[in-house]
Amino acid sequence: MPNSIESQAKVSLDNSLEQLDTSIEHQLAAIRHQALHQATNREPSSWLPRNTVVSAFSLAAVALLIASYLFNIEPIKQSPPLVMQYQQPELHEDPELIAQLEFLYWLAEEHEQALL
Amino acid sequence: MTSSLALFLASVDKKAYKMANIATENSQDALDIVQDTMEKMVRHYSEKPSSEWPALFYRILHNAIMDFHRKKKLRNLFFFWQQHQQTADELESSNNDIVDTRFTDHIQQSHEALLTKNEHIDHMLTVITNLPPKQQQCFLLRCWQGFSVAKTAQIMQCSQGTIKTHYSRAVAKITVQLERLDA
């Protein structure tokens, strides 16, 4: 059994609807049409939320940047130190250099003997 | 789907406006809230089953009304001096209205035994308008819109116990205030 206050409230509120200004009713009709109009003009691709598309593109751009950075770095070529190249020419494997060094060594020895 | 949604919106627009108007006490704000609610409803929930539309619609409306109150509170916080003056003016004005109404009622009651129906309706609307926001929303959803306790809790996103508390307090306040105004 409804409370009398509740019944009175319902009657009052229903009556207030009947007394609604006609200009308000027209504006409400316009609001309804506008809301429904945006639904009919919606593009098919809009099923995907805009935020999701933007986020996906951002993520893809970042991934591309990282990938290009990783794949563009050249591997460091391991070469022996310069001192080691001259001390251990066999490691360097340059026959011409070895020949030149041997010649210089022979020249130095000849010079010493000449001085003696 | 669009035609049934159009019928649904036509069935709820006046009540939604009235609820928003009671909450905001401003016609334009109420219309803005209804517009915002309808657009969100169509944009996000038109594909849902039609049985879910009422609860969804009123949840969006309720959230919009609560947002309005939050913004109003924030605005009043920054412009408190205007609010103080406005409150003082409104209080004085409303006190005068009550005095005037009571004086007029006294004159009428000297010739009539009971208040007229329209005056009682006005008093009821005034009392509902003066309820705290959540009690007001709860009362309107339960009593006027006819939602169950469970549905109202879903719309207002709180527990059923909270709904029962809001509702009983609203009814108690309305009863007391109505007796004062009708006296």
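Reminder, nothing fancy here: chain letters follow the sequence lines and each chain counts from 1.
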**Request:** Using non-hydrogen atoms and a 4.5 Å limit, figure out which bit of B:Ile128 sits close to chain A: side chain, backbone, both or neither.
**Result:** side chain

**Message:** If we count only N and O atoms by modelled type, under 3.5 Å, do the side chains of B:Gln35 and A:Gln34 hold a donor and an acceptor together?
**Reply:** yes

**Side-chain H-bond candidate by donor/acceptor type, B:Thr24 with B:Asn26, under 3.5 Å** = no

**Prompt:** By a 4.5 Å heavy-atom criterion (distance strictly below it), what part of B:Leu31 contacts chain A: side chain, backbone, both, or neither?
**Reply:** both

**Prompt:** Taking the six-membered ring where the residue is Trp, are the ring centres of B:Phe57 and B:Phe8 under 6.0 Å apart?
**Reply:** yes

**Prompt:** Do side-chain atoms of B:Gln145 reach the backbone of B:Leu140 as a donor and acceptor pair under 3.5 angstrom?
**Reply:** no

**Request:** Examine whether an atom of B:Lys18 lies under 4.5 Å from a heavy atom of chain A, and if so say whether it belongs to the side chain, the backbone or both; otherwise answer neither.
**Result:** side chain

**Asked** Does B:Lys15 make a cation-pi contact with B:Trp144 (under 6.0 Å, within 45 degrees of the axis)?
**Response** yes

**Prompt:** If you look only at pairs with a residue in residues 53-69 of chain B, which of them pass as a salt bridge (charged side-chain N to carboxylate O under 4.0 Å, His left out), with sequence neighbours excluded?
**Reply:** B:Asp67-B:Arg70

**Item:** Contact origin within A:Leu13 toward chain B - heavy atom pairs under 4.5 Å
**Value:** both

**Asked** Relative to chain A, which segment of B:Tyr167 carries a heavy atom at a distance below 4.5 Å: side chain, backbone, both, or neither?
**Response** side chain

**Prompt:** Checking heavy atoms, do the side chain of A:Asp21, its backbone, both or neither come under 4.5 Å from chain B?
**Reply:** neither

**Item:** Under 4.5 Å from any heavy atom of chain A - which part of B:Ala10
**Value:** both

